[in-house]
Amino acid sequence: MVVGDVSTGTEVLVIGAGPGGYVAAIRAAQHGLDVTLVERDAYGGACLNRGCIPSKALITATDVAHEADTAEHMGIHADPAIDFERMQSWKSGVVGQLTGGVEKLCKANGVTLLEGTATFVGEQTARVAHEGEGRGSESIKFEHAIIATGSRPIEIPGFSFGDDPVWSSKEALAAETVPDRLVVVGGGYIGMELATVYAKLGSEVTVLEMLDEILLPYEDDVTRVVQSRAEELGIDIRTGEGATGWSNAADGGILVETEPTEDGDEERSGSDTDEGDIGEEGGASYPADRVLVAVGRSPVSDTLDLETAGIETDDRGFIETDERARTDLDHVFAVGDVAGDPMLAHAASAEGIVAAETIAGEPAALDHRAVPAAVFTDPEIATVGLTESDAAEEGFDPVVGEMPFNASGRAVTTGHTDGFVRIVADEETGFVLGGQIVGPEASELIAEVTLAVEMSATVEDVAATIHTHPTLAEAVMEAAENVRDQAIHTLNR
Ligand code: FAD
């Protein structure tokens, strides 16, 4: 032990206070376990501080401005002026309120909170180094550990997050000014959400995606709705182009260079590039003031000295776990982004609960069939369970029902009618296997489909449930009715 060290013990050591860690800590404490939660930065993790919450706050604020600006057809004439500094300070207030809430909840549940950086120094011992000179460190003996250290944005060659014009999502969410021109590298959900925010703030936005489509995990007819809306908002989407680097431009801005990818070569013959300056090799350069790199996230597992505790990772650094969130070691669990897909806050929390309950001796296990995912673009995407083709691959005889939002009374009253609800069911049994929604409030509507998948409800159960009128949720009921060709407000197939 070094001078200044103290030595303590705990039944459950949780490392990381994001939605995986703090939820695990609270649930373990609710079971009467002695829990110590270590956080090196801010309570709430990436989700509350630089992910879900600040991004959704900015999405809401820019939506309000955009709605007000485009409501002439409803007789509303407004010309909203955006005070970005005020918007950012409101967003920070939202974050502060929620992170403060996490700290209070942990304390109220009897969780011991420790500020510092944890590393393993043995199979059942960790050291927590406190920030700041002379603050020493603590050696903690634990019976069980839950690793919930999350993820960080991936850097790509040619773009260092240390360089002023290069943003990760963190800088994009904390910006002090709105760039006139923003290039977004990566057309995944984080890139597309932030591209939409900045387009609504008035930036000229270009999205560069190396694959031949954006929002890859989602089906074509789903992403098409988002892509055409993004284009209406003025977002220039370039697929099949990989960003290779940036240089300073004569006008004080920068130029983002790209090379065509294999996907891009196939497409390029028919493309009518009018913005990017195409070079002889087919590469292009895009003028910008800032470039946001959002190409994925990698696990924070390399700073924990995992090998000292005998914990292994896969070749990308993710910690492999079983359906109880347990690692190769019986007494060590890993939850959330550090344990790999799905890298979503609610999945992290669900895994945290399973880990805590397993430690408490409860019969808990993860059910990956019913993990919803949402993209908060304009309009939103939300999915759960199986697509029609997944279901066929898994040996079901899938049947689908759809309800377009332009046939929903409530959607028409909101003026947001792009998109549809699709329910995928098994023909023989009627069990709801999954759903895909693109349209207004998709992230809320998916909860009903998720419940149906989770409890093995049938399409008849959903169709026979009386829904409030007029609501967007009626579209879920009508999609279920449509599975059996019994929809009232849309033509059956
Ligand atoms: P994190 O939230 O990353 O928390 C890990 C914590 O561990 C951090 O606080 C970190 O400081 C701490 N830590 C790390 N190492 C140590 C150590 N050695 N000692 C002590 N503490 C340590 N997900 C959604 O579901 N919905 C969304 O809308 C959504 N939007 C997003 C938008 C953006 C821009 C981003 C970046 C992410 C978004 N996500 C969203 C993903 C979501 O934020 C993550 O899936 C979630 O935060 C993962 O939770 P976690 O607990 O695993 O890790």
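This structure is a prediction, so every number in the text was calculated from the model and none was measured. The residues of the chain are indexed from 1 along the displayed sequence. Ligands are counted one by one from 1 in listed order, and the atoms in each one are counted from 1 as well.
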query: Once you round to the nearest 0.5 Å, how far does CD1 of Ile446 lie from CD of Gln436?
result: 7.5 Å

Nearest atoms (heavy-atom pairs only) where Leu33 meets Ala356: CD1-O, 4.5 Å

- prompt: Taking the six-membered ring where the residue is Trp, are the ring centres of Phe159 and Trp167 under 6.0 Å apart?
  reply: no

query: Starting from atom 12 (C) of ligand 1, which protein heavy atom do you reach first, and at what distance in Å?
result: Glu39 OE1, 3.3 Å

message: Heavy atoms only, cut-off 4.0 Å: how does Ser151 contact ligand 1, side chain, backbone, both, or neither?
response: backbone

message: Under a plain distance cut-off of 3.5 Å, with no hydrogens placed, do Glu193 and Thr196 share a side-chain donor-acceptor pair?
response: no

- line: In ligand 1, the atoms that come under 4.0 Å of a heavy atom of Ser55 are 32 (C)

- prompt: Is ligand 1 under 4.0 Å from a heavy atom in the side chain of Cys47, in the backbone, in both, or in neither?
  reply: both

- prompt: Going by the order shown, which atoms of ligand 1 are within less than 4.0 Å of some heavy atom of Leu344?
  reply: 23 (N), 24 (C), 25 (O), 45 (O)

task: May I ask you to identify the nearest protein heavy atom to atom 25 (O) of ligand 1, giving residue, atom name and distance to one decimal place in Å?
output: Ala345 N, 2.9 Å

- prompt: Quick one: salt bridge (charged side-chain N to carboxylate O under 4.0 Å, His left out) partners of Glu388, sequence neighbours excluded?
  reply: none

message: Among Asp41, Asp302, Asp337, exactly one meets salt bridge (Lys or Arg N to Asp or Glu O under 4.0 Å) together with Arg152. Which residue is that?
response: Asp302

- line: For atom 18 (N) of ligand 1, the closest protein heavy atom turns out to be Ala118 O, 3.0 Å

Per-atom contacts, ligand 1 versus Gly116 - under 4.0 Å to a heavy atom: 19 (N), 20 (C)

message: Could you identify the single nearest non-hydrogen protein atom to atom 5 (C) of ligand 1 and state the distance to 0.1 Å?
response: Ala148 O, 3.3 Å

query: Where on Ala42 is there a heavy atom closer than 4.0 Å to ligand 1, on the side chain, on the backbone, on both, or on neither?
result: backbone

task: Kindly say whether Ser151 contributes a backbone atom to a donor-acceptor pair with the side chain of Arg297 at under 3.5 angstrom?
output: yes

- line: Under 4.0 Å from one or more heavy atoms of Gly150, ligand 1 contributes atoms 1 (P), 3 (O), 5 (C), 52 (O), 53 (O)

field: Nearest-contact summary for atom 16 (C) of ligand 1 - protein heavy atom, Å
entry: Thr149 CG2, 3.6 Å

task: Verify, without hydrogens or angle tests, whether Asp390 (side chain) and Thr387 (backbone) share a donor-acceptor contact under 3.5 angstrom.
output: yes

- request: Check if Ile15 has a non-hydrogen atom at a distance under 4.0 Å from any atom of ligand 1.
  value: yes

query: Is the closest N or O pair between Gly44 and ligand 1 shorter than 3.5 Å?
result: no

field: Residue and atom name of the nearest protein heavy atom (relative to atom 41 (C) of ligand 1), distance in Å to one decimal
entry: Tyr189 OH, 3.4 Å

message: Tell me whether the count of non-hydrogen atoms from other residues, nucleotides or ligands lying under 6.0 Å of CD in Glu176 goes above 12.
response: no

task: State, without any angle test, whether His416 and Glu67 hold a side-chain donor-acceptor pair at a distance under 3.5 Å.
output: yes

message: Quick check for you: to the nearest 0.5 Å, what is the distance between Ile82 atom CD1 and Thr62 atom OG1?
response: 7.5 Å

query: Taking the side chain from Glu171 and the backbone from Ser168, do they hold a donor-acceptor pair closer than 3.5 Å?
result: yes

Heavy-atom neighbours of Glu231 CD exceed 12 at 6.0 Å: yes

task: Under 4.0 Å from a heavy atom of Arg297: give me the atoms of ligand 1 that qualify, with their elements.
output: 36 (C)

- prompt: For atom 45 (O) of ligand 1, what's the nearest protein heavy atom and its distance?
  reply: Asp337 OD1, 2.8 Å

Minimum-distance protein heavy atom relative to atom 7 (O) of ligand 1: Gly16 CA, 3.2 Å

Proximity to ligand 1 by part of Tyr43, non-hydrogen separation under 4.0 Å: neither

task: Check each of Gly336, Pro19, Gly18 against atom 49 (O) of ligand 1 and report the one with the nearest heavy atom.
output: Pro19

task: Could you list which atoms of ligand 1 come closer than 4.0 Å to a heavy atom of Thr117?
output: 18 (N), 19 (N)

task: Rounded to the nearest 0.5 Å, what's the gap from CG on Leu173 to NZ on Lys56? Could you check?
output: 8.5 Å

- request: Name the option, out of Pro54, Ala46, Cys52, that contains the heavy atom nearest to atom 42 (C) of ligand 1.
  value: Cys52

- request: Would you check if the side chain of Asp163 reaches a backbone N or O of Pro165 as a donor-acceptor pair within less than 3.5 Å?
  value: no

query: Quick one: which of Arg50, Lys56, Glu193 has a heavy atom closest to atom 30 (N) of ligand 1?
result: Lys56

- request: Answer side chain, backbone, both or neither: which part of Leu304 comes under 4.0 Å from ligand 1, heavy atoms only.
  value: side chain

query: Which ligand 1 atoms are under 4.0 Å away from a heavy-atom of Phe376?
result: 28 (O)

query: Counting only N and O atoms by type, is there a donor-acceptor contact under 3.5 Å from the side chain of Thr261 to the main-chain atoms of Gly240?
result: yes

task: Considering the heavy atoms of Asp41, write down every atom of ligand 1 situated less than 4.0 Å from one of them.
output: 11 (O)

query: Looking only at heavy atoms of Lys170, does any of them come nearer than 4.0 Å to an atom of ligand 1?
result: no

- prompt: Side chain or backbone of Met343 under 4.0 Å from ligand 1, or both, or neither, by non-hydrogen atoms?
  reply: backbone

